[in-house]
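Scope of the values below: all heavy atoms of this structure, side chains included, with no hydrogens, waters or symmetry mates. Lettering of chains follows the sequences in order, A, B, ..., and the numbering in each one begins at 1.
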Protein chains: 2
Amino acid sequence: MDIRKALGLRIKELREERDLPQRAFAEASGLDRSYLAAIENGQINVGIKTVERIAAGFGISVEQLFKGI
Amino acid sequence: MDIRKALGLRIKELREERDLPQRAFAEASGLDRSYLAAIENGQINVGIKTVERIAAGFGISVEQLFKGI
């Protein structure tokens with residue numbers, strides 16, 4: 001699977017596990033909500049600085065964020 | 001440590017473990033050598049498509065590439 005799709009699904013899975021609405025998680029990670037939506041839809045070639053921010057938003061390592069990818 | 005620096009060091013470590021010169025690994029991964037050098041020096045906010053390519057070049061998962069990060 002394309003890494004953009006795989007990462008998007010993984011972020012959505014982690015967010016839903018925590019019952020976090022997209023808007024709340026976007027704000028917690030300092031991201032624009034529509035940008036987060038596009039990431040979750042596998043449309044963005046996300047840079048590692050944003051990857052780092054998303055992992056921090058979940059309180060996990062980047063390695064954990066890419067679990068299974 | 002900034003994720004760009006951490007990833008750059010990790011890539012260099014993996015490459016040197018395999019006694020792969022930068023030029024050879026860049027070619028194997030379909031990357032420009034000077035771009036790979038800048039990535040290893042922590043200067044690039046690498047996109048996940050390139051991260052995927054680098055992991056494939058080492059024959060490891062993206063999760064393994066980010067081991068410890």
**Prompt:** How close do B/Lys49 and A/Arg4 get, heavy atom to heavy atom, and via which atoms?
**Reply:**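 Smallest interatomic distance, heavy atoms only, reads CD-NE, 3.7 Å.
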Test of understanding: clusters of I, L, V, M, F, W, Y form through side-chain heavy atoms closer than 4.5 Å, transitively. Do [X] and [Y] belong to the same one?
X: A/Leu14; Y: A/Leu20; answer: yes
X: A/Ile39; Y: A/Ile60; answer: yes
X: A/Leu31; Y: A/Leu65; answer: yes

**Message:** With chain B as the partner, which of A/Val51, A/Ile44, A/Thr50, A/Val46 has the greatest number of non-hydrogen pairs under 4.5 Å?
**Reply:**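 Maximum pair count with chain B is reached by A/Val46.
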**Request:** Look at A/Ile3, A/Leu7, A/Val62 and state which one has the largest set of heavy-atom pairs under 4.5 Å with chain B.
**Result:**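 So the answer, after comparing A/Ile3, A/Leu7, A/Val62, is A/Ile3.
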**Message:** So for atom CZ, which belongs to B/Arg18, do other residues, nucleotides or ligands contribute more than 12 heavy atoms lying within a distance under 6.0 Å?
**Reply:**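 Counting neighbours around CZ of B/Arg18, more than 12 heavy atoms of other residues, nucleotides or ligands fall under 6.0 Å, so yes.
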**Request:** Show your reasoning for whether side-chain contact (heavy atoms from CB on, under 4.5 Å) applies to A/Glu52 and B/Ile69.
**Result:** CA-CA 9 Å; A/Glu52 183 178 42; B/Ile69 298 176; over 6 Å; no
